[in-house]
Amino acid sequence: MMTRTKYRPAEIERKWQADWDSQGIYYAKDDAPNPNYYNLVMLPYPSGDLHLGHWYNYTGIDAHGRFMRMRGWNVSQPMGFDAFGLPAENAAIRHNIQPRTWTLENIERMRVQLRKMGACWDWPRETVSCLPDYYKWTEWLFLQFYQAGLAYRTKAPANWCPSCNTTLANEQVVNGTCERCHTLVIRKEIDQWLFRITKYADELLDFSGLNWPEKTVTMQRNWIGRSEGAEIRFVLRVEQEKVEIPVFTTRPDTIYGVTFFVLAPEHPLVGRITTTEQQKAVEGYVDQARRESEIERMSTEKEKTGVFTGAYVTNPVSGEQVPIWIADYVLMSYGTGAVMGVPAHDQRDFEFARKFGLPIRQVINPPEEEPSDPATWTEAKAHYGVMINSGPFNGTPLEEAIKAVTRYCEKQGIGKATVSYRLRDWLVSRQRYWGAPIPIVYCEKDGIVPVPEDQLPVLLPDEVEFKPTGESPLRYVSEFLNTTCQKCGGPATRETDTLDTFLCSSWYFLRYIDPKNDQEAWSKEKIAKWLPVDMYMGGAEHAVMHLLYARFFVKALRDMGLLNFNEPFTRLYHQGTVLGPDGQKMSKSRGNVVAPDDVVDAFGADAVRGYLMFMGPFDQGGPCSIQGIEGVSRFLNRVWNLVQDSAEAFSGAAVVDTEIGREIKRTTHKAIKRVTTEYEHIRFNTALAGMMELSNALIKARETEAVRTAEYRQAIAVLLKLLAPLAPHITEELWHQIGEHESIHVQLWPIYDEALTRDAVVTVVVQVNGKVREKLEAAPDASEEEVQALAMASERVKANLGGKAPKKVIYVPGKLINLVG
RNA sequence: GCCGGGGUGGCGGAAUCGGCAGACGCGACGGUCUCAAAAACCGUUGAGGGCAACCUCAUGAGGGUUCAAGUCCCUCCCUCGGCACCA
C-alpha cells in the first residue's frame, strides 16, 4: 500500500479557489453552446460579517448550481448587495461614520468571506444597490412607474414619535413606544409616494406555470385577500346636506339585520357627523386608537371597544335608521373604513352588540331549522340560509339571497357588486437619508415635476447630519434641496424622501444580466437569454412582501414594454433557519453564535458546507452542532483515505468481469439513482446519506480483491462526482490525484442504468392481521399465489393464524403480504 | 389575534402512493492498536419483558377511518416564520 498523505483542508481549499478564480470557470458567458440556467439566491444585506445562515443559504444554491452545471447547463450564479437601508443610518448615528463608508467596508469584508466558501459566484455580474450606477436605474424605474400612472402621492400614515419628532420603522417601535425615548408612538398622516400594486391584484393571484412551494402560494393568496361582495351606500343628513357613506360587505343578504353602523376612528367623516354632546368622548377615543397597532386592533381576543357618535344613518334598503359608532376593530385600510353592523351573523359585530346592548336581529335562517331568539345565542350564526325578517326579500333561498339584494341595490342606484382586496398599495417613501432619492421636484407653479431622465442620477450628497426633525436629513442639505423647475425655470425644491429598499431588490435580478450597461437599465436581448430566473432560493420570511413586489415589478414593466415575460421566478425554494447548538435562534445575547470563520478554520469549508447540508431537510433548518461538523469532517477523511488507498490500483491493470465487480456496479448505479433524485428535489441531507452508503460499501470492498476491478475504479470516480457539488475542493483535489487533468466541476454528471439498479431477490414482509410475523425472499415479480404459499409454509405464520386458512389476503407485489384471519 | 409551517430514539434526522418505524450521522457503551492518550478501525445501541425462540409497547395528546396510519379525518396542546417602515 502506498503511503497516504494527510487531508489538509486549508491547503487544498486555498489552492483550488485560486485556480478556479484564475481560470474564471464559474463566470457564465451569455452565448455558451449549452442552455442557460439562471441560479439565483436572494442577495444579502451587507450587515458586516457572513453568518452561518448565509453559509447555509449559499451552500444550498451553490450545490444546486454545481449539480445543474454538471448536468450540462450553462449556469450563472450571481451575487450582489442590497446595500441601502436603516442599519447603515443607525451605525452613522451611533459611531459617527458615513453610511456609505460603513456599507462599503462591510461589503468588502463579506466579499472576502464569500470567496472562502468555494462557491461558483459569477463575480463579473456583481451589483451593489447603493452605488450610483445602480440607483440611477432605480430612480429611472421610479419615473417609468410614475409615467405609467403606477406611482402617486397621497397622505398616508407613518409611525411618529412626538418627542423625537421623527418617523419610526415598525422595528423601532417597542410595545407601542419609541425605542429611544419610550414616548408613546402615534400614527401621523404625511404626504408620501405609493405604488399602485392593487391594480395587479387579480393577475398576482394567478400562479400557473410556477414551481413554487404550495405554502408560499397560499400565503400570497391570503395576503392579496380577494373577496367578492357589494358596496352599498348608507345615507345621512348633516346640516341639510346629504352625505353618503359606502360600506363593503360580503354579505349583502344580511342587510335587514343591520342594527348599528361603525366607522374606523380615523374615517374622514367622523369629525363632521359627531354631535356636540358626543364630541369629547369621540375625540378621546380617536386619540387612543391612534396609539394602537393594527395587530392589536385586529385581535379577536381583545374585548370590543367603541363610542357612539350621536349620529344616525339610514339603511338604504330597509329605510331603517341606525346609530353610528366608531370602533377600533374597523380599519381604514380595508374596504371603505365603514362597516354595517349585523350582530346576528358576524361574530365581531355580535360581540360589539353584546358589549353595548345593541339589538340583535336574525335575518338569515339555515334550511330545516327554526329561527330562535338571538338573546339565547352564545355566538353569531355566520352561515348562509334563507332570508327572513327581510321585508320583500322574505323566503329568498340561500343560493339567491346575495345576488337578489345586490341586484336590487344596483337597480335602485344605491350600490353595486364589487370586489375588495386585503392587499394595499405599496408605500415607497421613507423619511431617511440612506436610500435611492426619489427623482421628483416640487415647483410652486408647476407642482410635481419629474426629474428629466438625462439628469439622472439624482445623487445622494455625502455631507449630511442626522437630526431628529421628523424629516429626511436631505431636507437640511440646501445644495440638494434647492433646484430649478425644469418646466418654468423658477425655484423649486427636491423631494427629500428616499425609496424603500424593497424597490432596489425588486429588479436586481434584471441588472445582474447586464450590470455595466450605462445606456439603459438592461438590454432586452440579454434579458431574453436568461430570464425568467430558473431557480430562486431565499428565506420563507420573504414569502409575501419581497416576492410579491418583484412579481408586480415584472408585470408592470411588461405592460410598459420593457420586458416580455410574466413572472420573475419560475422555481422557488425556501431554505430553513440555522439555530444555535441549543436549538435557539443564534444571538450574541444568548451566547450561542457559531461563527463560520472559526469552524472553517478548524474543519475546512468542505466539512462546514457538507454538514450544513446534512443537518436536516434544507427547507427546515435546525440546530447546528459542532460534533455534527466533526462527523462530516470524518466522512471526508474516510473518502480521502479511500481514494488515496485506491490510487495505486488506478495505475495498474484492471481485473474485468468478476462477480464482485458486478456487485459493486449494482451498488454504484443504485447510489447514482438515489443521489440524483435527491439532488433534483433539493434534498441534500439524504443525498449525502446515499453517498455515505456508497462510500461505506467501497470501504468494505477495499479489503478484498475488488480494488483491482474496473468497476471499483468507476465507483470511486462516481463517488467523487456525486460529492463534488457539496464538497468542491476535496473532490477536485482527489480527482486530480487519480490522474485526471480537467476540473471535476466541468465533468458531466454520472448516469445510471435502471436495469442495474434492480435486485434479483426482494424481501417480502408477511403480516398476520397487520402485524409483521415473517420475512421471506422472493422474486420481485412473484405472484400472489406463490408468495402466499411461501408464507403459509412458515411455522410462525401458521401459529399466528391459529392453524386456519386466512379469510382475506392483501398482496402488494414485491413488498408485503397481509393475511387476515 | 389572523395567515402559513413544524412536532418521530439520548441528539440531528430517514421513511415515493397509506404497506418492515428509526436509513445516514452524532453521542454512549464494549473491543483492537498503544507504555499511555488521541486519532483510526471493529462491534452493540428505541423502551419494557423473557434463559431463549420470541412477545408487548412506541412517531406531541385524545378520538376516528382502514386488512394496514408517522402518513388520511376530527378535537386539543406546544413551537417556529410573516403581519405591510428590519431586510
Side-chain angles (χ1 to χ4, degrees), chain A residues 42-45 47 82 84-87 90 158-159 167-173 192 213-223 225 293-302 333 422-432 500-502 504-505 539-546 548-549 574 576-577 579 581 583 585 611 614-617 619-632 634-635 637-638 641 677 681 683 685-686 688-693 696 699 763-772 775 796 806-812 815-821:
Chain A
M42 289 181 188
L43 84 178
Y45 177 79
S47 51
D82 186 17
F84 276 135
L86 193 60
N90 287 340
N159 294 320
T167 55
L168 297 173
N170 286 343
E171 190 189 50
Q172 298 171 304
V173 181
Q192 308 200 65
E214 201 46 53
K215 62 166 186 171
T216 310
V217 171
T218 306
M219 276 194 266
Q220 290 210 353
R221 281 220 176 92
N222 293 340
W223 185 261
S293 72
E294 290 211 347
I295 293 173
E296 284 164 3
R297 286 173 57 167
M298 285 185 299
S299 167
T300 50
E301 200 94 307
K302 201 182 83 153
S333 54
R422 215 181 67 91
L423 181 70
R424 314 205 285 254
D425 275 341
W426 172 14
L427 198 156
V428 298
S429 291
R430 299 291 181 269
Q431 294 72 43
R432 300 236 166 71
D500 179 8
T501 55
F502 270 127
C504 310
S505 58
E541 68 273 23
H542 294 293
V544 181
M545 303 181 63
H546 161 63
L548 201 60
Y549 294 149
H574 296 303
T577 317
L579 305 172
K585 209 182 213 174
Y611 169 68
F614 185 61
M615 216 169 69
D619 58 358
Q620 254 171 56
C624 164
S625 112
I626 304 290
Q627 282 173 338
I629 303 178
E630 266 170 23
V632 173
R634 275 206 285 270
F635 165 67
N637 256 301
R638 280 196 294 270
N641 292 336
T677 311
H681 292 93
R683 293 190 295 242
N685 55 331
T686 45
L688 201 49
M691 294 174 223
M692 286 170 172
E693 279 176 350
N696 288 344
I699 286 168
T763 305
V764 176
V765 170
V766 183
Q767 296 186 337
V768 176
N769 293 322
K771 289 200 165 159
V772 180
K775 288 174 189 183
R796 278 187 71 196
K807 288 194 193 104
K808 190 174 170 186
V809 178
I810 288 109
Y811 178 54
V812 184
K815 270 200 174 150
L816 169 146
I817 186 162
N818 189 5
L819 309 170
V820 185

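Convention: sequence-line order gives letters A, B, ...; per-chain numbering from 1. In this text the structure is predicted, and so the values were computed from the model without any measurement.
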Considering only the [atom1] atoms, how many Å lie between [N] and [M], rounded to the nearest integer?
N	M	atom1	result
B/G18	B/C86	C1'	44 Å
B/C74	B/C80	P	25 Å
B/U44	B/C35	P	28 Å
B/C11	B/C20	P	24 Å
B/C72	B/C67	C1'	16 Å
B/A40	B/G6	C1'	39 Å
B/C17	B/G12	P	25 Å

Report yes if a side-chain nitrogen or oxygen of [X] is closer than 4.0 Å to either non-bridging phosphate oxygen (OP1 or OP2) of [N]; otherwise report no.
X	N	value
A/R424	B/A84	no
A/T501	B/A87	yes
A/R796	B/C55	yes
A/N685	B/A14	yes
A/N696	B/G25	yes
A/R634	B/G27	yes

Under 4.0 Å, counting only non-hydrogen atoms across every strand here, what does [X] touch: a base, just sugar-phosphate, or nothing?
X	value
A/R638	sugar-phosphate
A/E541	base
A/N818	base
A/L423	base
A/T577	nothing
A/F635	nothing
A/S625	nothing
A/H546	nothing
A/K771	sugar-phosphate
A/E214	nothing
A/Q767	base
A/W223	base
A/R683	nothing
A/P44	nothing

Judged by atom type as modelled, is there a donor-acceptor pair below 3.5 Å linking the side chain of [X] to the main-chain atoms of [Y]?
X	Y	result
A/Y611	A/S625	yes
A/Q192	A/V428	no
A/N818	A/G770	yes

Without decimals, in angstroms, what is the distance between [X] [atom1] and [N] [atom2]?
X	N	atom1	atom2	value
A/M545	B/G82	CE	C1'	9 Å
A/Q627	B/G12	CD	C1'	11 Å
A/F502	B/C83	CZ	P	8 Å
A/H542	B/C85	NE2	C1'	15 Å
A/N637	B/A39	CG	P	12 Å
A/R422	B/G4	CZ	P	11 Å
A/D619	B/G13	CG	P	11 Å
A/I810	B/G18	CD1	P	16 Å

Please determine, for [N], whether a Watson-Crick or G-U wobble partner exists with both distances under 3.5 Å, and give it or none.
N	result
B/C86	none
B/U32	B/A40
B/G18	none
B/G27	B/U45
B/G62	B/C74
B/G4	B/C80

Non-hydrogen atoms of [X] and [Y] that approach each other most closely:
X	Y	value
A/P581	A/P623	O-CB, 4.3 Å
A/F614	A/V632	CD2-CG2, 4.1 Å
A/V820	A/N769	CA-OD1, 3.4 Å

Practice problem: Identify, between A/Y549 and A/M692, the residue whose nearest nucleotide on RNA chain B lies closer to the 5' end. | Solution: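 Closest to the 5' end, via its nearest nucleotide, is A/M692.
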
Self-check item: Closest-nucleotide 5' rank along RNA chain B - winner of A/K585 and A/A689
Solution: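 The residue closer to the strand's 5' end, by nearest nucleotide, is A/A689.
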
Is it the case that the base of [N] and the side chain of [X] share a donor-acceptor contact (distance under 3.5 Å, atom types as modelled)?
X	N	answer
A/K808	B/C67	no
A/N222	B/C3	no
A/Q431	B/C85	yes
A/Q220	B/C3	no

Quiz item: Is the base of B/C17 syn or anti, where syn means the angle lies within 90° of 0?
Solution: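 Syn, which is what one calls it when the glycosidic angle falls within 90° of 0.
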
Exercise. Could you check if the base of B/G9 is syn or anti? Syn means the glycosidic torsion is within 90 degrees of 0.
Key: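 Glycosidic conformation of B/G9: syn.
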
Practice problem: Check whether any side-chain heavy atom of A/M219 lies under 4.5 Å from a side-chain heavy atom of A/V217, and answer yes or no. | Solution: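 Answer no - side chains too far apart.
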
